[in-house]
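Take a look at the structure set out below.
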Amino acid sequence: MEGVSAPTPVELERPDVDDVVQPDLPWITIVWNDPVNLMSYVSYVFQQYFGYPKPKAEKLMMQVHRDGKAVVSSGVREEMERDVQAMHGYGLWATLEKSDA
Amino acid sequence: MRESGFVRGRRGRVLGLFSPLEAELLRSLVSQVVELVRDQSPEKSASADPLESMLEMDGPLTTPDDPVLARLLPDAYADDEAAGEFRRYTERTLRDQKAQQGRQVIQDLEEAGLPTEVDPGGELIELDLAADRSQAWLRCLTDVRLALATRLGVEEDDEEYWDGLPEDDPRAYLHDVYDWLGYVQETLVHALS
């Protein structure tokens, strides 16, 4: 995490993707499996918050359940911080990191 | 008689039904979570200055010691320093959000007729929730389940363990409550889907 800037306040607007400077990309939001959250709820959150269609939300939910984690979104760091904070608001266990890709 | 829990209402609304004792149990559990996220107010970080205080950027830098709070307010980064920075800017907002939705749930129960002193033989508590309120309920039920599960030490596929506990073990009762909350939340997700 060296050399990265401090988190920007989450109130910032989502940047227009076309304006994003390439070196800032990509960061990823990871949702981790937990023994508590219902599968139906996790799928609901992915549909509700990310606006994913049900099949995609279900696929990601199953990936979290089976593999222990899934990448649920990617983009600039500020955007991913906002997604992670939203997931914490829903009670999902989420982190962000710089993508290896 | 309709079972406890939620069903779809009209125009995006959700209808809930609970016995007086169930409603009282919910109020009690939700109050505890509200107290937990509010009472252990985050310590100010050493670098706090008046401007940051005003802008509410002087939150805590470390993960809460209480395992329930650590689960409700998890680290956003694997790296401690980055996690601390993120926490400093966001934890207070998340705590406020969780306390607020808990208070809304309690308010909904009381407005639906849950008295201060519950009467087990009293009227059923009927809720008629608008979309924003049902979202508060959904998140709040999650927080209460996370809190209970963390205290109990719930793990993946451990049903046999809980089923095998003697009936007089207090954890057996709490786990039944946890299961019931899962059922209630399942009805709410279904009513909203």
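Protein chains get the first letters and strands the later ones, always in sequence-line order, with residue 1 at the start of each. Hydrogens, waters and symmetry mates are skipped; everything else that's a heavy atom, side chains included, is used. Here the structure is a predicted model, which is why all the values come from computation and not from measurement.
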Among the listed options Asp157(B), Val154(B), Leu146(B), the residue most often paired with chain A at heavy-atom distances under 4.5 Å: Leu146(B)

Under 4.5 Å from any heavy atom of chain B - which part of Asp34(A): both

Glu159(B), CD atom: more than 12 neighbouring heavy atoms under 6.0 Å: yes

Chain A contact via Gln135(B) - which portion, at a heavy-atom distance below 4.5 Å: side chain

Winner by heavy-atom pair count (cut-off under 4.5 Å) against chain A, out of Gln97(B), Glu186(B), Glu155(B): Glu186(B)

Heavy atoms of other groups near Gln100(B) CD, more than 12 under 6.0 Å: yes

Distance (rounded to the nearest 0.5 Å) between Tyr89(B) OH and Gln85(A) CD: 13.0 Å

Same apolar cluster (I L V M F W Y, side chains within < 4.5 Å links), Trp32(A)/Tyr49(A): no

CG (Asp132(B)) with more than 12 external heavy atoms under 6.0 Å: yes

Region of Tyr41(A) in contact with chain B, defined by heavy-atom distances below 4.5 Å: both

Residue Glu123(B) excluded, over 12 heavy atoms near CD under 6.0 Å: no

Under 4.5 Å from any heavy atom of chain B - which part of Gln47(A): neither

Proximity breakdown for Leu148(B) and chain A, heavy-atom pairs closer than 4.5 Å: neither

Rounded distance [0.5 Å steps], CG in Leu38(A) versus NE2 in His190(B): 13.5 Å

Nearest-0.5 Å distance, OH of residue Tyr44(A) to CG of residue Leu188(B): 7.5 Å

Among the listed options Ala94(A), Pro35(A), Ser43(A), the residue most often paired with chain B at heavy-atom distances under 4.5 Å: Pro35(A)

From CD (Glu81(A)) to OH (Tyr77(B)), nearest 0.5 Å: 3.5 Å

Value rounded to 0.5 Å, distance of NZ in Lys98(B) from NE2 in His88(A): 9.0 Å

Heavy-atom neighbours of Tyr173(B) OH exceed 12 at 6.0 Å: no

ILVMFWY network linking Val42(A) to Tyr90(A), side-chain heavy atoms under 4.5 angstrom: yes

Student check: side-chain heavy atoms of Thr142(B) and Leu92(A) closer than 4.5 Å: no

Within 6.0 angstrom of Asp128(B) CG, more than 12 heavy atoms from elsewhere: yes

Greater than 12 external heavy atoms within 6.0 Å of Glu156(B)'s CD: yes

